[in-house]
There are 2 protein chains.
Amino acid sequence: MFSKACEYGIRAAVYVALQSLDGRRVSVNEIAEEIDSPIAFTAKILQQLSRSKVIHSVKGPTGGFELDRTEMDTVKLSMIVHAIDGDDIYVGCGLGLKECNANQPCPLHDKFVDIRTDLKNMLENTSLYELATGLEVGLTYLKR
Amino acid sequence: MFSKACEYGIRAAVYVALQSLDGRRVSVNEIAEEIDSPIAFTAKILQQLSRSKVIHSVKGPTGGFELDRTEMDTVKLSMIVHAIDGDDIYVGCGLGLKECNANQPCPLHDKFVDIRTDLKNMLENTSLYELATGLEVGLTYLKR
DNA sequence: AATAAATAGGACAAAAATGTCCTTTATTGG
DNA sequence: CCAATAAAGGACATTTTTGTCCTATTTATT
């Protein structure tokens, strides 16, 4: 469904949001530790997210990654997925056809549109804040 | 969503079904031509489908791939996806966690379950016959 | 029996995704 | 200013996926 990079990216962003709720700025090392992901690879992904304005980064001692309270509401999963995996999930044909659309549909087109619309809606309506608060309350987990 | 191999696999199987409706047995070359896929790679995928009993293969002159009318109804997309991509789509956690489940869910678990259930139902309820007949009538396409 | 047509399958090649290592840059605090 | 800390980024390594090529096997036809 999502690439590994995207999975790590979402988990990392949720962890950053969670810690930002307490005003804590977090390092790549801490993030990778807490979401159980390869450190250097996670660093690359955090760079992407930072460049895409999904999270905010600060260099130097006391630096790290953070999100302000407003951003947690604004940033939806769709933005993370888009930043890392591009728009394949939204745009592409389920059977890989280049010119598949309502006029010239692949055999799976209609059935696929339904499912993808649901997925798209879910991603576009789920904020980091929502996911972070679930974690805060101890209802959900980011590793194992 | 699906791997390239799986996309080719589904398109190939639908084409085989379509031709089998007319009692025609088809070769790898014809299939690859008609679904616009790499020949040798498509051959490998057809082997997999044949070993998984999704389609039937016949060696030698006049040989090729075919499906009988009963199989077209029995074979659902889920069988093809399973044969080629395994059960990742059904089983795996959306965020890549090993032990994600209802007891210890990732932050996306519940939302993901809904979408995946829909996808699963769609794949399990869509037969090759259904897809092939749409093609036969000229409503859908397998290339471009 | 010989030939030719077709799938089966092994070995290899290329490309993409995943992952690591090391250097550079920015920034803080002493 | 200096040393230490943390992200940024370039280069490289590994693994997986995608794709190709060649040979072996099966079988229909003559």
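Residue numbers start from 1 in every chain, and the chains themselves are labelled A, B, ... in the order their sequence lines are given, proteins ahead of strands.
Phosphate proximity of dT18(C) to Y8(A): absent, as no side-chain N or O sits under 4.0 Å from OP1 or OP2. Look at T62(B) and you won't find any side-chain N or O under 4.0 angstrom from OP1 or OP2 of dA5(C). The phosphate of dA8(C) has OP1 or OP2 within less than 4.0 Å of a side-chain N or O from S50(B). The phosphate of dG9(C) (OP1 or OP2) has a side-chain N or O of R51(B) nearer than 4.0 angstrom. Dashed line: the shortest gap from a side-chain N or O of Q47(A) to OP1 or OP2 of dA8(D) is not under 4.0 Å.
For K59(A), taking side-chain heavy atoms from C-beta onward, the closest of the listed nucleotides dG19(D), dT25(C), dA11(D) is dT25(C). Distance from the side chain of F65(A) is smallest for dA7(D) among the nucleotides dA7(D), dT18(C), dT18(D). With dT20(D), dA4(C), dG19(C) as the choices, the nucleotide that has an atom nearest any side-chain atom of A40(B) turns out to be dT20(D). The listed nucleotides are dT28(C), dT27(D), dT18(D); the one nearest the side chain of P61(A) is dT28(C).
You'll find the side chain of D73(B) stays beyond 4.5 Å of the side chain of L128(B), heavy atoms only.
Side-chain atoms of E30(B) and Y15(B) include a donor-acceptor pair closer than 3.5 Å. Looking only at atom types and distance, the side chain of K111(B) has a donor-acceptor partner in the side chain of T126(A) under 3.5 Å away.
Across all strands, R25(A) comes closer than 4.0 Å to no nucleic acid atom at all (heavy-atom distances).
Across the protein-nucleic acid pair, E66(A) atom CD and dA6(D) atom C1' stand 13 Å apart, rounded to whole Å. Remark: P of dC21(D) and NZ of K44(B) are 13 Å apart, rounded to the nearest angstrom. Computed from coordinates, the L49(B) CG to dT7(C) C1' distance equals 14 Å when rounded to whole Å. Counting to the nearest Å, the C1' atom of dT7(C) and the CD atom of Q48(B) are 15 Å from each other. In this structure, H56(A) atom NE2 and dA6(D) atom P are separated by 17 Å, rounded to whole Å. E30(B) places its CD atom 10 Å from the P atom of dT7(C), with the value rounded to the nearest Å. Computed from coordinates, the K4(A) NZ to dT15(D) C1' distance equals 13 Å when rounded to whole Å.
A cation-pi arrangement is present between R69(A) and Y129(A) under the rule of less than 6.0 angstrom and at most 45 degrees off the ring axis.
When the nearest nucleotides of DNA chain D are assigned to F2(B) and G60(A) by heavy-atom distance, the more 5′-ward of the two goes with G60(A). Across the interface with DNA chain C, nearest-nucleotide mapping of S3(A) and V58(A) shows S3(A) to be the residue nearer the 5′ end.
No donor-acceptor pair closer than 3.5 Å links the side chain of R144(B) to the backbone N or O of K98(A).
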